Colleague: 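Okay, here's the structure, questions in a sec.
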Protein chains: 4
Amino acid sequence: MVVKDQITQQAIILFGEKGFSETSIQDIVDELGVTKGTFYYYFTSKKQLLKDIHHEYISGLLERQSRIIDNDARTQKEKIIGIIRLLITDIADKGPSARVFFREMHHLSDDHAKNIKARREDFRLNVEKVLQTGVRNREFRQGLQVDMIAFGILGVTNWSYNWFNSDGDVSPEELSKIFADMILTGIVE
Amino acid sequence: MVVKDQITQQAIILFGEKGFSETSIQDIVDELGVTKGTFYYYFTSKKQLLKDIHHEYISGLLERQSRIIDNDARTQKEKIIGIIRLLITDIADKGPSARVFFREMHHLSDDHAKNIKARREDFRLNVEKVLQTGVRNREFRQGLQVDMIAFGILGVTNWSYNWFNSDGDVSPEELSKIFADMILTGIVE
Amino acid sequence: MVVKDQITQQAIILFGEKGFSETSIQDIVDELGVTKGTFYYYFTSKKQLLKDIHHEYISGLLERQSRIIDNDARTQKEKIIGIIRLLITDIADKGPSARVFFREMHHLSDDHAKNIKARREDFRLNVEKVLQTGVRNREFRQGLQVDMIAFGILGVTNWSYNWFNSDGDVSPEELSKIFADMILTGIVE
Amino acid sequence: MVVKDQITQQAIILFGEKGFSETSIQDIVDELGVTKGTFYYYFTSKKQLLKDIHHEYISGLLERQSRIIDNDARTQKEKIIGIIRLLITDIADKGPSARVFFREMHHLSDDHAKNIKARREDFRLNVEKVLQTGVRNREFRQGLQVDMIAFGILGVTNWSYNWFNSDGDVSPEELSKIFADMILTGIVE
DNA sequence: TATGAATGAGTTTTCATTCAT
DNA sequence: CATGAATGAAAACTCATTCAT
């Protein structure tokens with residue numbers, strides 16, 4: 001069963017580097033010194049492997065998101081900060097996984113996509129709910145269009161898979177703080 | 001010469017719908033009732049077509065960005081608002097082009113990518129400069145990490161290619177305003 | 001277009017010799033000195049080629065059958081003799097085609113099979129109608145179960161693809177006569 | 001040892017339904033809840049399994065044929081009737097086996113085919129001998145070309161694996177009678 | 001007896017690209 | 001300008017078979 005995991009890990013790396021379509025099964029197994037047959041012993045298709053990767057990723061995110069949200073000791077503001085940090089550190093830690101997750105979604109077959117899409121929406125709707133609660137209890141500005149703001153927040157964080165390099169000048173923690181500040185209090189004096 | 005444009009337009013639509021790798025030259029020419037030979041009369045390769053599309057798109061953005069930035073009558077705040085509106089309306093108006101531009105960049109060959117990447121960075125650095133100027137003249141908060149904020153702003157706008165549907169409840173103009181408000185003044189009361 | 005025909009002819013030979021599943025596209029094109037790409041330029045799939053072969057074969061049979069049946073100068077007995085000769089000579093002349101037609105039918109995809117099956121039934125029902133008419137006008141025995149007899153006659157003829165060798169002692173004409181005699185007048189003294 | 005039989009039975013069913021090439025070892029063992037390893041414990045190869053099936057089938061036929069033929073109380077006419085009934089009821093009773101036997105013979109490897117073919121010929125030659133004896137003792141028409149007639153009789157019966165459904169209007173017994181009548185006395189008034 | 005992991009040789013199919021006309 | 005024919009390299013996937021345990 002360890003081989004299956006190795007294949008998955010290698011696939012994540014290669015999908016992240018070259019993209020899903022540009023990575024062949026041969027590329028993946030060559031790196032591990034096994035054969036294509038072995039791949040198909042563990043996976044029914046290349047798309048199924050992609051689904052597995054997405055599934056794994058979104059599951060992890062949802063679980064950690066719920067740990068943040070379900071903590072009643074936190075204000076809604078703190079929850080938003082937590083979610084921003086969750087996404088940024090995830091992208092920093094598991095760069096390739098994140099790249100696959102955010103960029104290669106459209107290669108999922110319709111069948112597989114349904115489930116994954118639904119859970120990605122869950123994640124977003126959870127953000128929306130936190131915002132909604134925050135508006136109600138006057139943590140956030142009245143009249144906030146929470147659905148669009150949720151998209152905006154996720155844009156800030158998710159986009160970073162495109163460029164963020166955790167070995168650079170700015171640490172994930174610092175970036176999370178910068179983004180949280182921007183979102184919460186804006187940039188004007 | 002009109003045929004070349006038709007091919008480009010059709011390619012944008014199909015690349016946008018199905019992705020670059022999933023779209024074959026055959027798919028493109030079938031839709032136009034011409035043959036693959038015709039494609040290769042006008043383009044040297046599939047990748048070159050992609051480059052052309054990217055080139056066209058980023059050129060348009062850069063040109064319009066410079067019209068916003070070079071207008072000395074505007075404050076830096078107004079320039080940021082203008083750039084946000086520029087990106088959002090572009091994504092709304094030319095959905096497929098935008099999808100290709102933001103999603104299929106990594107299919108550019110190294111050679112082609114260099115030029116496009118440089119100009120994408122130019123776009124970002126221009127945003128950074130506006131922010132920098134705004135910090136200096138006290139429109140924006142002191143100590144703002146302008147490079148990261150530029151990435152953040154572009155995240156908010158660019159991510160919308162993933163989800164924004166201009167036929168929905170929110171118009172591009174409204175969305176631009178919502179995002180500009182969030183970025184400039186935040187969401188807390 | 002000549003190449004397409006060559007491919008079809010070669011396929012018939014090889015399907016006849018080795019069977020459909022045992023014959024690879026590679027086998028077919030190797031024999032002709034072209035490449036697999038060429039095959040897929042002319043055919044959309046291996047199954048489609050099989051369908052084409054079946055289509056061609058049954059069309060030829062049906063056409064010649066109708067020429068026999070529509071000739072009002074003939075008695076029903078003569079028509080039955082004609083159909084027997086039609087099948088036997090066909091199997092003798094186009095051995096491999098016949099083998100493919102009679103043996104490899106179950107490899108047709110459901111979609112393709114429908115049409116072919118319907119036309120094979122047409123052929124059989126035409127035999128049935130001749131028998132029916134012959135019973136009515138007292139050429140054939142009263143009370144004959146014409147549907148079963150039609151199956152019986154076709155069994156006699158079709159089965160010969162399994163063993164008949166037109167280079168042997170018995171010519172197709174002779175065999176047709178032997179079988180017609182057996183079917184029409186039996187074997188008892 | 002029961003497992004080996006289960007595998008054989010399941011294989012017959014699947015070979016009958018989908019054909020030999022289209023049925024994988026995996027298909028067979030999946031249905032029984034065992035693994036491919038188990039298959040190779042009992043059989044040395046897929047082809048050997050096919051040979052076993054053919055062997056079993058032809059052995060049964062030959063044995064029952066000899067019981068019919070060796071019974072000196074019967075006329076040759078009665079023997080022919082008996083052989084027709086033998087084949088038809090066999091096809092009716094063991095549909096899938098019969099389908100495999102009559103349709104998938106050409107998948108036997110040369111080595112295996114020799115033995116099976118020889119015994120199939122024995123069956124046919126036995127029919128020929130009955131006919132020959134019948135001609136000699138004037139049960140059958142003088143000058144009958146017994147080799148061809150034997151092929152014809154077997155065509156009538158064997159072909160029925162293609163279409164005969166024992167759940168239909170006509171019972172195996174009835175069909176046997178219809179075919180025997182046709183062969184013995186023909187169809188003309 | 002039976003399994004589970006792995007293989008390797010093969011299969012069908014796709015498709016960007018070339019080029020003579 | 002445009003086509004139709006052909007290619008070749010690579011892709012995903014299949015599956016009978018082996019073998020250590």
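What you are looking at is a predicted structure, and each value in this text was computed from that prediction instead of being measured. Proteins come first, then strands; the chains are lettered A, B, ... in the order of their sequence lines, and each starts at number 1. Note that these values count all heavy atoms, side chains included, but never hydrogens, waters or copies made by symmetry.
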Colleague: Are OP1 or OP2 of dA5(F) and a side-chain N or O of Y41(C) less than 4.0 angstrom apart?
Modeller: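 Checking Y41(C) against dA5(F): at least one side-chain N or O falls below 4.0 Å of OP1 or OP2.
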Colleague: Please give, in whole Å, the distance from dA9(F) P to E22(A) CD?
Modeller: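 About 20 Å, once rounded to whole Å.
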Colleague: Return whichever of K47(A) or T38(C) has its heavy-atom-nearest nucleotide of DNA chain F closer to the 5' end.
Modeller: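 In this pair, the answer is T38(C).
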Colleague: Given atom CG of L14(D) and atom C1' of dA16(F), what is their separation to the nearest angstrom?
Modeller: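 Result: 16 Å.
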Colleague: Which is more 5' along DNA chain E, the nucleotide nearest K46(B) or the one nearest G33(D)? Just name the residue.
Modeller: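 Looking at the nearest nucleotide for each, G33(D) comes out on the 5' side.
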Colleague: Closer to the 5' end of DNA chain F via nearest nucleotide, is it V34(B) or K36(C)?
Modeller: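 Its nucleotide being nearer the 5' end, the pick is V34(B).
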Colleague: Could you state the CD-P distance from Q26(D) to dA5(E), rounded to the nearest angstrom?
Modeller: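 That distance rounds to 12 Å.
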Colleague: Heavy atoms under 4.0 Å, any strand shown: does T23(C) hit a base, just sugar-phosphate, or nothing?
Modeller: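 Sugar-phosphate contact only - T23(C) comes under 4.0 Å of backbone atoms but never of a base.
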Colleague: Out of curiosity, L49(A) CG to I28(A) CD1, how far, rounded to the nearest 0.5 Å?
Modeller: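 It comes to 5.5 Å.
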Colleague: Rounded to whole angstrom units, what separation is found between the CD1 atom of I25(D) and the P atom of dA6(E)?
Modeller: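 The answer, rounded to whole Å, is 21 Å.
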Colleague: For K18(B), is there an ion pair with D27(B) - N to carboxylate O distance below 4.0 angstrom?
Modeller: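 A salt bridge is present here (some side-chain N lies under 4.0 Å from a carboxylate O).
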Colleague: With a 3.5 Å limit on both atom pairs, tell me what dT12(E) is paired to, counting Watson-Crick and G-U wobble, or say none.
Modeller: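 The base-pairing partner of dT12(E), which may sit in any strand shown, is dA11(F).
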Colleague: Using the ring of each side chain (for Trp, its six-membered ring), is H54(A) parallel, tilted or perpendicular to F101(A), with breaks at 30° and 60°?
Modeller: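 Tilted.
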Colleague: Quick one: does NZ or CZ of K46(C) land under 6.0 Å from the six-membered ring centre of F20(C), within 45 degrees of the ring axis?
Modeller: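 Geometry flag: set, cation within 6.0 Å and 45°.
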Colleague: May I have the distance from I7(B) (atom CD1) to dC1(F) (atom C1'), rounded to whole angstrom?
Modeller: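 Result: 11 Å.
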Colleague: Under 4.0 Å: is that the gap between some side-chain N or O of Y40(C) and OP1 or OP2 of dT13(E)?
Modeller: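 Yes, within the criterion.
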Colleague: So, is T35(A) close to the dA6(E) phosphate, meaning a side-chain N or O under 4.0 Å from OP1 or OP2?
Modeller: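 It does not, given that no N or O in the side chain of T35(A) lies less than 4.0 Å from OP1 or OP2 of dA6(E).
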Colleague: Just wondering, are more than 12 heavy atoms of other shown residues or ligands nearer than 6.0 Å to CD in Q26(A)?
Modeller: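 Atom CD in Q26(A) is crowded, with more than 12 foreign heavy atoms closer than 6.0 Å.
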Colleague: Can you figure out which of dT17(F), dT1(E), dA16(E) approaches the side chain of Y42(D) most closely?
Modeller: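 Output: dT1(E).
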Colleague: Can you measure F39(B) atom CZ to dA5(F) atom P for me and round it to whole angstrom units?
Modeller: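 The distance from CZ of F39(B) to P of dA5(F) comes to 21 Å, rounded to the nearest Å.
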Colleague: Can you check the L49(C) CG to dT12(E) P distance for me, whole Å?
Modeller: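 About 11 Å, once rounded to whole Å.
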Colleague: Taking a pair as Watson-Crick or G-U wobble with both distances under 3.5 Å, which nucleotide is matched to dA5(F)?
Modeller: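 Checking every strand shown, dA5(F) finds its partner in dT18(E), with both distances under 3.5 Å.
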Colleague: Provide, to the nearest angstrom, the distance between the CG atom belonging to L32(B) and the C1' atom belonging to dC1(F).
Modeller: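 Taking CG of L32(B) and C1' of dC1(F), I get 15 Å after rounding.
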Colleague: Out of dA16(F), dA16(E), dT13(E), which has the shortest distance to the side chain of S45(C)?
Modeller: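 The listed nucleotide nearest to S45(C)'s side chain is dT13(E).
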